[in-house]
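Since the structure comes first, as structure tokens, the remarks are kept for the end.
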Amino acid sequence: MIFENQYIQERIKKADELRSEGINPYPNITKPAVTSKEFNETYEYVKKSESKRDEDKSVTLKGRIKLLRIMGKAAFAKLEDSCGLVQIYYSRDELPEGYYNKIKKLIEVGDIVEATGFPFITQTGELTLHCKDLKIITKAISPLPEKFHGLQDAETRYRQRYLDMIVNPKVKDIFIQRSRIVSLVRRFFESKTFLEVETPMLHPIPGGANAKPFITHHNALNVERYLRVAPELYLKRLIVGGMEAVFEINRNFRNEGMDHTHNPEFTMIEFYWAYHRYTDLMNITEELFEYLFLNLQLPKILNYGDKRVDFSTPFAKISYIDSLTSIGNIPADITSDKEKIINFLNQNNIKVDPNLTLGYLQAELFDNFVEDKLIDPTFITDFPIDISPLARRSDENPQIAERFELFIAGREIANGFSELNDPIDQYERFKAQVEAKDATGDEEAMHMDLDYVRALSYGMPPTAGEGIGIDRLVMILTNQHSIRDVLLFPAMRPEVAIQTND
RNA sequence: GUCUCGUUAGCUCAGUCGGUAGAGCAUCUCACUUUUAAUGAGGGGGCCCUAGGUUCGAAUCCUAGACGGGACACCA
């Protein structure tokens, strides 16, 4: 049984004792209360008063008991609420007759209580609530982890995030910051007249990214559905339909490996902007970062682990090909020659499929020699066309896509491009992907989406679109190095213990 | 998927060469009416992750597995 542990049994017994004393351990009551923060600020003046107390005031605090020190006929407790900690004091002679002895052993660490009394200053100078009344609001029957070391075990922290948040208050700060970031991103795009939309999560055809999808079944229609790997193709249909600036902040699902930068479901913002080009995207991206740094009151230089990242704008801009030489230190005479690239990679003990196209081989060079050297925010521009199946060809150089990626701290944060809007070209590129899928068994290659091609056939104005990984953005802005630390409930294998127990 | 490290009381962790399972906090009993991880005295609490194997004897050594952390691969 889930509650067979001896400590839980002891606490269940205490809840029963409360009931037999006529005290409901789970009352449905709420009395207006002030927060710990309000209390500490409002009654700061008591510290300076001569009597060190203000008995005319009656204040109610609510919170979870985090620390409890019982000294015979009096006790101190630290309550925690959403704002922080506050101390209360209660004693036998200040509570209603006989009440103290009733509850002394029945209210304990972990319980949620409501305390009413007046502010005073203790001998050690701490502003404290002197209780005239102390009610239990919610009995906790599971004990909290150790008060000093807290909860260290990463597995328990991720599986039981609620417990992690109770015991490790700093965890909450990360998620508060995450919420602010998402809110600011939304506000930024709204202020630029972008419209927030919601497009399907259940896709008949997975599309918009090279990724393996989750597959599910829709009973009513008896059809397979794919959890979306990207909202891209739907958002661009909206541009065809006449929305000229749209964005969506939502979850994407990719059925791939998990590690400290990958969770099977992750959050992205994608935005599409008609009558704009990829150069406009780079500008608005810089503006977004300026807006975030201003409103989050972050310094322009942030530490990320042992790296120092300078977010001063404008961000560096360098073309894909140039970066191979100037950042990757790869001789310029080999970066456009398939044979030479293969030789170079082999010399560096990197195995590649010799049938790869030039663009894919250049991508191997980039991934191995350039990416992790891009610490300060850097736009890598002008990608090879064959690794950019949805991007528009450059009018000047047909081998190059009007595309960029933004790298920060050695990681891709954003990907944007001028969208391909030639329906015939799009059709051919889908076909090439499908052929690659059939020929090489590449499970991540894109599927043919004829309706999307049909949509383009009605005419999509020149459009620029970009995706920004929100989880990774939060990681960088909060100096977290595991995606699990910026996800409230990261994906975990099924928990064995709790299933076999019940 | 591969490599690597880990799993011992509710929590945080020790456990030597293979020889009866340990500490702090928490819990229980007692004392204590201004504490700060309160204090003092005493008690209880274990599927040493699981299954095999080696051995007179395994928390400890070996094999396989489960779960987790880290690194790599794929990807964003």
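Letters A, B, ... mirror the listed sequences (proteins, then strands); counts begin at 1. Every value quoted in this text rests on a predicted model; they were computed, and no experiment measured them.
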What is the distance, to the nearest angstrom, from the CZ atom on A:Arg157 to the C1' atom on B:G6? 17 Å

Would you please indicate yes or no on a ring centroid separation below 6.0 angstrom for A:Phe404 and A:Phe417? no

The side chain of A:Arg159 lies closest to which of these nucleotides: B:C67, B:C74, B:U34? B:C67

Atom-to-atom span, CE of A:Met258 to C1' of B:A76 - whole angstrom: 15 Å

May I ask which nucleotide in the shown strands pairs with B:G24, Watson-Crick or G-U wobble, both distances under 3.5 Å? B:C11

When the P atoms of B:G40 and B:U35 are compared, how many Å lie between them, rounded to an integer? 15 Å

Contact class for A:Glu94 vs. all strands (heavy atom < 4.0 Å): base, sugar-phosphate, or nothing? nothing

Watson-Crick or G-U wobble partner for B:U29, using a 3.5 Å limit on both distances? B:A41

B:U20 and B:A37, which share atom name C1', separated by this distance in whole Å: 34 Å

Interatomic distance where CZ belongs to A:Arg254 and C1' belongs to B:A76 [whole Å]: 6 Å

Donor-acceptor pair between A:Tyr278 and A:Asp382 side chains, under 3.5 angstrom: yes

Is A:Arg403 positioned over the aromatic face of A:Phe383, cation under 6.0 angstrom from the ring centre and no more than 45 degrees off axis? yes

Strand partner of B:G1, provided both Watson-Crick or wobble distances fall under 3.5 Å: B:C72

Please determine, for the side chain of A:Gln152, which listed nucleotide (B:C13, B:U34, B:A73) has the closest atom? B:C13

Is A:His260 near enough to B:A71 that one of its side-chain N or O atoms lies under 4.0 angstrom from OP1 or OP2? yes

Tell me the interatomic distance from A:Asn263, atom CG, to B:A76, atom P, rounded to whole angstroms. 15 Å

Quantified in whole Å, what is the C1' atom distance between nucleotide B:A73 and nucleotide B:G18? 40 Å

Rounded to whole Å, CD of A:Glu155 lies from C1' of B:U12 at a distance of 16 Å

Does A:Lys172 NZ have over 12 foreign heavy atoms under 6.0 Å away? yes

Using whole Å, what does the distance between atom C1' of nucleotide B:A76 and atom CG of A:Asn255 come to? 15 Å

Whole angstrom value for the distance that separates C1' of B:A76 from CZ of A:Phe366: 14 Å

For A:Phe194 and A:Phe189, I'd like to know if the aromatic rings sit close, meaning centre-to-centre distance below 6.0 Å. yes

What about the rings of A:Tyr90 and A:Phe76, do their centers lie closer together than 6.0 Å? no

So what does A:Asn415 touch, heavy atoms closer than 4.0 Å: a base, only the sugar-phosphate, or nothing? nothing

Assert: residue with more 5' nearest nucleotide on RNA chain B, out of A:Thr128 and A:Leu151, is A:Leu151

Taking the basic N atoms (NZ, or NE/NH1/NH2) and the acidic carboxylate oxygens, is any pair closer than 4.0 Å for A:Asp16 and A:Lys13? no

Can we say A:Asp111 and A:Arg11 salt-bridge, meaning some charged N sits less than 4.0 Å from an Asp/Glu carboxylate O? yes

For atom P, what is the distance between B:A21 and B:C48, given to the nearest Å? 10 Å

Among B:U12, B:C67, B:U35, which nucleotide sits nearest the side chain of A:Thr122? B:U35

Atom C1', compared across B:U2 and B:U8: separation rounded to whole Å: 29 Å

Rounded P spacing from B:C72 to B:U50 in Å: 32 Å

Nearest-angstrom distance, P atom, B:G10 to B:G53: 29 Å

Using Watson-Crick or G-U wobble geometry with both distances below 3.5 Å, tell me the partner of B:G19, or none. B:C56

Expressed in whole Å, how much space separates the C1' atoms belonging to B:A38 and B:A26? 15 Å

May I ask you to say whether A:Asp485 pairs ionically with A:Arg157, meaning some side-chain N is under 4.0 Å from a carboxylate O? yes

Protein-to-nucleotide contact annotation, 5' to 3' order, nucleotides 21-31 of chain B [B base; S sugar-phosphate only; - none; under 4.0 Å, heavy atom]: ---BBBSSSS-

Minimum-distance nucleotide to A:Arg53 side chain [options: B:U34, B:A73, B:U35]: B:U34

A:Phe76 CZ to B:C32 P, in whole Å, measures 17 Å

By the Watson-Crick or G-U definition, both distances under 3.5 Å, B:A64 is matched with B:U50

Taking any heavy-atom pair under 4.0 Å as a contact, classify A:Met492: base, sugar-phosphate, or nothing. sugar-phosphate

